[in-house]
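What you see is a predicted model; the values in this text were computed from it and never measured. Below, chain A is the first sequence line, B the second, and so on; all start at residue 1.
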2 protein chains.
Amino acid sequence: MRNLNEHNITDAVVARFADTPNPRVKEIITSLVRHLHAFARETKLTEAEWMEGIKFLTATGQKCDDVRQEFILLSDTIGLSQLVVAQNHSRSAEATEQTVFGPFHIENPPAKKDGEDIALGAPGEPCLCVTQVVDEAGKPVPNCQVDVWQADAEGFYDVQDPTWNRDKMRLRAVFNADAKGELKFWTIKPAAYPIPTDGPVGAMLTMTKRHPMRPGHIHFAIQKPGYDPLITHVFIDNDPYLDSDAVFGVRSSCIGDYVRHEAGTAPDGSKRTQPYYTLNYKFVLAPEIKHA
Amino acid sequence: MRNLNEHNITDAVVARFADTPNPRVKEIITSLVRHLHAFARETKLTEAEWMEGIKFLTATGQKCDDVRQEFILLSDTIGLSQLVVAQNHSRSAEATEQTVFGPFHIENPPAKKDGEDIALGAPGEPCLCVTQVVDEAGKPVPNCQVDVWQADAEGFYDVQDPTWNRDKMRLRAVFNADAKGELKFWTIKPAAYPIPTDGPVGAMLTMTKRHPMRPGHIHFAIQKPGYDPLITHVFIDNDPYLDSDAVFGVRSSCIGDYVRHEAGTAPDGSKRTQPYYTLNYKFVLAPEIKHA
């Protein structure tokens, strides 16, 4: 293995991975090597361009911290995340579609009870979410865990506030739906927002004249043993960015009907002195996927 | 662009880059998107595997600092660096071959004069390097800049010492060769060494049962207006790792003849009280590459 050139080096590198004990690791690494080499050959990548790539990846890693995941953002903005999601969750027409997880979830959000408000003063118009979780036959799925997170009406997740700390979590919570799979909670109606543009991914979007906007949405992650975990959004209907989501995540079946109401008695019996919205949404879980 | 699935998402992502002003940036990004997506489809990458990849890339970026470049190390160990080098420097049979730059060069090394010692007490056996720079016709190339860097006989570059600072640079220097293209300097004979294995790249090598060794070598970077800059190594002959260099950089034409001598008068006239080595090596520069 001396004197490798651009034509024979790929096979030599793949051969070097021949002793990899785990066959799946070997399959993934050698496929990645072949595709990355093919990219470099196809573009006849120069050394200066290669160095720009090294710098970009380094800066992307160094932008990451406990509450910022720039590599997920990169994967999202080049459609890799949605591709991986799509190919792992081919579902029946009845089941709710999966979409990207995104970089803003945090572990161990506050546990809340049915009917509680998760907005805690965040800017935006109040919205009562009335949800139910059912199976593909329409039968309620009792007692699922429902994890919710979203941006405020100004487009910011709590973690984007530079003074944020874990005592100030808002617009995120984990609930248990009831025996009928039902759950309601108060929040605010989200708005479209830009993904963070102060890092390498933002520079990439600027360089390619792409907008950074995502249509407004609430994230839901619903788990129940025996069902495929559902990670999805409920998007705002009529949002101007539904057809050009910066992360390619919009599913028509996941667009919610956010209905505006004047002040009065809300469906949960509470008195509202200001206008508010309701969102009624039914999540349909698919059966657990049995992997080979 | 809603409801993208694993089959149609790639074209949708490429279309989103349609307005990229710089045609080369557009070509590179869209080629990379197509190849990365093809990789994810070919392996049917799962979400858990995707997340392992995100974590690996993040850790690789976070391992980088002023004197450690883990992404270059990654590129080197998967043969991408040598591929890029090879396809940008196809040279005549006469010219010295190019090899990888590696992650251990630093900007602005100490300027030294002909005949000086760059080892400054580094462990290893003394070695007098006697070099000349010529063109493809064998004619001396006068007054080139010659940048040299290498590991010591224990396998460490100065920057790998945790207490290293810029006042302690050794085994690296920049010289000007003379009017005949000639340059001699003292150093130590380098030895085979492992690339750094305390980061994500080391974990990758362990997981795939690859050894981290590079055959011993001295790095040379030679510049002169009118010639293609030469970045190469002079490898130790008979090194056990010449056929399995962890970064795929060995060229047969770049293996030097390090000759051992007993104590006595060295070719530069100095008296040696211990055995020492000499390396005589002629570098042949190729003409400058004119890019379209």
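Summarising the geometry of A:Leu80 relative to B:Ala40, their closest heavy-atom pair is CD1-CB, 3.8 Å, with the distance given to 0.1 Å. Across every non-hydrogen atom of B:Leu4 and A:Gln82, the tightest pair is O-NE2, 4.1 Å. Between A:Lys209 and B:Pro21 the shortest heavy-atom distance is CE-CG, 3.6 Å. Here the closest non-hydrogen pair linking A:Ile54 and B:Ser75 is CD1-CB, 4.2 Å.
Between B:Ile72 and A:Met51 there is a side-chain heavy-atom pair separated by less than 4.5 Å. The closest side-chain heavy-atom distance from B:Leu36 to A:Leu32 is below 4.5 Å. When side chains are defined from C-beta on, A:Phe248 counts as touching B:Arg16, because their heavy atoms get closer than 4.5 Å. Annotation: side chain of B:Glu42 is not in contact with side chain of A:Arg34 (no heavy-atom distance under 4.5 Å). Contact of the A:Thr43 side chain with the B:Arg24 side chain is registered, since non-hydrogen atoms from C-beta on lie closer than 4.5 Å.
Note: A:Gln62 leads A:Lys63, A:Gln62, A:Glu52 in heavy-atom pairs under 4.5 Å with chain B. In terms of non-hydrogen atom pairs under 4.5 Å with chain B, the most contact-rich of A:Met204, A:His89, A:Glu97 is A:His89. Chosen from A:Lys26, A:His37, A:Met207, the residue pairing most often with chain B at heavy-atom distances under 4.5 Å is A:His37. When the candidates A:Asn5, A:Ile28, A:Asp19 are compared by the number of heavy-atom contacts under 4.5 Å with chain B, A:Ile28 comes out ahead.
In this structure, OG1 on A:Thr10 lies 5.5 Å from CG on B:Leu83, to the nearest 0.5 angstrom.
For the pair A:Arg2 (side chain) and B:Ser253 (backbone), a donor-acceptor distance under 3.5 Å is absent. The closest donor-acceptor contact from the side chain of B:Gln87 to the backbone of A:Leu45 lies under 3.5 Å. Under a 3.5 Å cut-off, the side chain of A:Gln69 and the backbone N or O of B:Thr58 do not form any donor-acceptor pair.
Of the atoms belonging to A:Glu70, not a single heavy atom falls under 4.5 Å from chain B.
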